[in-house]
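All values reported here derive from a predicted model rather than from experimental measurement.
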Amino acid sequence: MGKVLSAKELKKAFLAGANQLNAKKDLINELNVFPVPDGDTGTNMTMTILSAAKEVAAIEEGSIKDICKAMSSGSLRGARGNSGVILSQLIRGFTKELSEAKEVDSLVLAKAFQRGVETAYKAVMKPKEGTILTVAKGMADKIMELSLTEEEILPLLEKVYAHGEEVLEHTPDLLPVLKEAGVVDSGGAGLMAVMDGALRSLRGEKIVLDLELKESGAVSALVGERKNRGEISTADIRFGYCTEFMVNGDHAFTDEEVDALRTYLTGIGDSIVCFSDEEMIKVHVHTNHPGDAFEKGLSMGYLSKMKVDNMRLEHHELLIEDASRIAAMDKLEEEEKPAERKAFGFVAVCSGEGLENIFRDLGADQVVSGGQSMNPSTEDLVNAVEKINAEHIYILPNNKNIILAAEQVCSILEEQPITVLRSTTIPQGISALIAFQEEASPEENTENMTESLKAVSSGEITYAVRDTTIDGREIHSGDILFLGDNGLLSAEKDILSAVREALPKMGEGEILSLYYGEDVKAEDAEALVSEIQKDNPDLEIELQNGGQAVYYYLLSLE
């Protein structure tokens, strides 16, 4: 290539970058500092860029502007987690600069890198150095410096990439937690994977594209590890329901429609088969939420040949083949009736049937499935908001890694008044909903709910998936970890010991609420409550079945 980047070269480079990130996803996940079984930076970034890559790949003979539009819109709607949102913002700023240029030379590229960094920094309320932002800024500064003398694009980007690698290697010097864990920043590593793939394309290397997200080998291994430890039994199957159906439409489904459905299914399950034959789409997916799959299909047409098998039952019991079809059609008819407009509406994010029921009972209109192990995309949240007929809508992310994606909804649905309450835990989200008052104004409710969630002290109990060191404390694979609002509170060999050490560190309170997960038996949860009560006779303890994955218990102290 020469001094100007063509639309064809941009398209191939972006797809190659997405391809390389997809290939390196598991390695990037392993760089997450906390050794818990939900290290998802690589997954979030990959799902974000694949959403854009599929839109870009569908463009056959497009201009720079066409390619940039697909890159920007696809990544924004597909953005998941903090790392995914930051990546989408880097892409958004980068493409905005390219779209406005008559031709893309070295100086335009330099400006695009700078604009991408500026856009990403603005999207983060409290930017941290030693992260993906630092790596992106390092490359942006370098390309601006070199573009003044280097006109050839490939040599320019080669030097920028080399500098980015150096910045990445120095991220532990900027974030002590990285140095202690002995890793570089995972988000920065993901960004460098994208750059690596793009450069391979620009060099003319032959690249076999694979833009379908594959099941993480690391996740599969973790499931086996949990079972082998024998502390708390669990199923081998991550997604328990084999779900099949056909979507029938009144037109020939386009590749874009099929891709959009396939991308959605990727977010709620695995083992996906999704293809069209004129006016019909055949769907097969393993998921924990068959109803979500049906509902998505219903948004595209009517369903037929619906079947759900519970794979966790030894005899693979056939469930609700006819009942599901009838229930789904009844639900569609109900949804077609215009809901009466109300003053307030709520979208809450959580994972687990018990937690979903709690949020619905407290007034949540839409519950989006997601949490630590799977962050919903911005588009998932947009779709939830659009189903609510309300003057003002609140979004409760209930996870610090979902807040940025939620905030992007406001920029997409600009005419709908939306407030994102910055709830970082499930207990905070529950407390905020309890504090809501129908007769209060949006401003008063925002203030009251924000104050309420700040008054909650939260805890999460999970297990370590590898050896590491955190805050000077040695962690070993299999240790039980108790995480508080500000980090690790205890690491022990069993849950009770972890609770006994951590509970006093949560602060003072009169009511302790415990939500036990899908891997915990009710009798084990009750036994834990009895032991806690013995140690804290004046504490009122509430126990509920949350049904969440990954985390044995969620706790709140008020």
Side-chain angles (χ1 to χ4, degrees), residues 125 335 338-371 376 378 380-410 412-460 485 507 509-515 540 542-548 554-558:
M125 181 169 289
E335 288 179 349
E340 183 178 347
R341 192 163 181 80
K342 55 184 184 176
F344 298 99
F346 295 91
V347 175
V349 180
C350 70
S351 175
E353 184 177 353
L355 292 176
E356 289 182 11
N357 290 336
I358 290 171
F359 276 106
R360 291 189 190 280
D361 289 343
L362 290 173
D365 301 274
Q366 293 291 321
V367 178
V368 177
S369 181
T378 295
D380 292 334
L381 298 172
V382 167
N383 291 339
V385 169
E386 289 181 330
K387 292 176 183 177
I388 303 174
N389 187 11
E391 296 289 343
H392 195 101
I393 295 175
Y394 290 95
I395 301 178
L396 293 160
N398 302 329
N399 185 291
K400 64 181 180 181
N401 207 34
I402 300 174
I403 291 175
L404 281 181
E407 290 176 341
Q408 303 311 305
V409 176
C410 303
I412 294 174
L413 303 178
E414 295 179 347
E415 296 182 1
Q416 169 67 57
I418 298 171
T419 298
V420 177
L421 291 169
R422 298 176 66 83
S423 54
T424 61
T425 66
I426 293 295
Q428 285 186 357
I430 291 173
S431 180
L433 270 179
I434 292 174
F436 168 74
Q437 297 178 346
E438 185 71 40
E439 66 278 6
S441 68
E443 294 76 19
E444 291 171 332
N445 269 317
T446 298
E447 182 178 353
N448 293 337
M449 295 166 75
T450 300
E451 287 301 312
S452 176
L453 65 86
K454 288 180 180 178
V456 178
S457 181
S458 304
E460 301 167 329
D485 291 321
E510 299 177 351
I511 301 175
L512 178 68
S513 299
L514 282 82
Y515 307 89
E540 181 181 341
E542 299 176 347
L543 178 65
Q544 299 192 60
N545 181 0
Q548 70 274 3
L554 302 178
L555 303 89
S556 69
L557 184 63
E558 296 182 78

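- With rounding to the nearest 0.5 angstrom, the NZ atom of Lys400 is 10.0 Å from the CG atom of Asp485.
- Between Phe436 and Tyr394, the two ring planes are perpendicular [angle over 60°; tilted spans 30° to 60°].
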Given the rule in the side-chain contact (heavy atoms from CB on, under 4.5 Å) test, do Phe359 and Ile426 qualify, once you have shown the distances and angles that lead to the verdict?
CA-CA 10 Å; Phe359 276 106; Ile426 293 295; 4.1 Å; yes

Does Thr419 form a side-chain contact (heavy atoms from CB on, under 4.5 Å) with Asn445? I'd like the steps, not just the answer.
CA-CA 10 Å; Thr419 298; Asn445 269 317; over 6 Å; no

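- Atom CG of residue Asn357 and atom CZ of residue Arg360 lie 7.5 Å apart, to the nearest 0.5 angstrom.
- Counting all heavy atoms, side chain and backbone alike, Met449 lies closest to Ala432 at CG-O, 3.3 Å.
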For side-chain contact (heavy atoms from CB on, under 4.5 Å), just list the numbers for Val420 and Cys410, CA-CA rounded to whole Å, side-chain angles, deciding distance to a tenth of an Å, and then say yes or no.
CA-CA 8 Å; Val420 177; Cys410 303; 4.1 Å; yes

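- Side chain of Thr378 to backbone of Ala405: a donor-acceptor contact under 3.5 angstrom is found.
- With contacts defined as side-chain heavy-atom distances shorter than 4.5 Å, the pair Glu510/Glu540 does not qualify.
- Annotation for Ile402 and Pro397: closest pair CD1-O, 3.9 Å, computed over non-hydrogen atoms.
- For the pair Ser423 and Gly429, the tightest heavy-atom approach, listed with the atom from each and the gap, is CB-N, 4.0 Å.
- A distance of 12.0 Å separates CG of Asn545 from CG of Leu514, quoted to the nearest 0.5 Å.
- Between Ile418 atom CD1 and Leu413 atom CG the span is 5.0 Å, to the nearest 0.5 Å.
- Taking each heavy atom of Arg422 and Ile403 in turn, the nearest pair found is NH1-CG2, 3.2 Å.
- In this structure, CD in Glu386 is found 11.0 Å from CD in Gln366, a value given to the nearest 0.5 Å.
- The minimum heavy-atom distance between Ala390 and Gln416, with the atom names listed, is O-NE2, 3.3 Å.
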Checking Ile430 against Leu362 for the side-chain contact (heavy atoms from CB on, under 4.5 Å) test, could you report, in this order, the C-alpha distance in whole Å, the side-chain angles of both residues, the deciding distance, and whether it holds?
CA-CA 8 Å; Ile430 291 173; Leu362 290 173; 3.7 Å; yes

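- Taken to the nearest 0.5 Å, the CD1 atom of Ile395 stands 12.0 Å off from the CZ atom of Phe346.
- Residues Ser458 and Leu554 are not in side-chain contact: their nearest non-hydrogen atoms beyond the backbone lie 4.5 Å or more apart.
- In this structure, Val349 and Asn398 approach most closely via the heavy-atom pair O-ND2, 2.9 Å.
- With Thr446 contributing its side chain and Pro442 its backbone, the two residues share a donor-acceptor pair below 3.5 Å.
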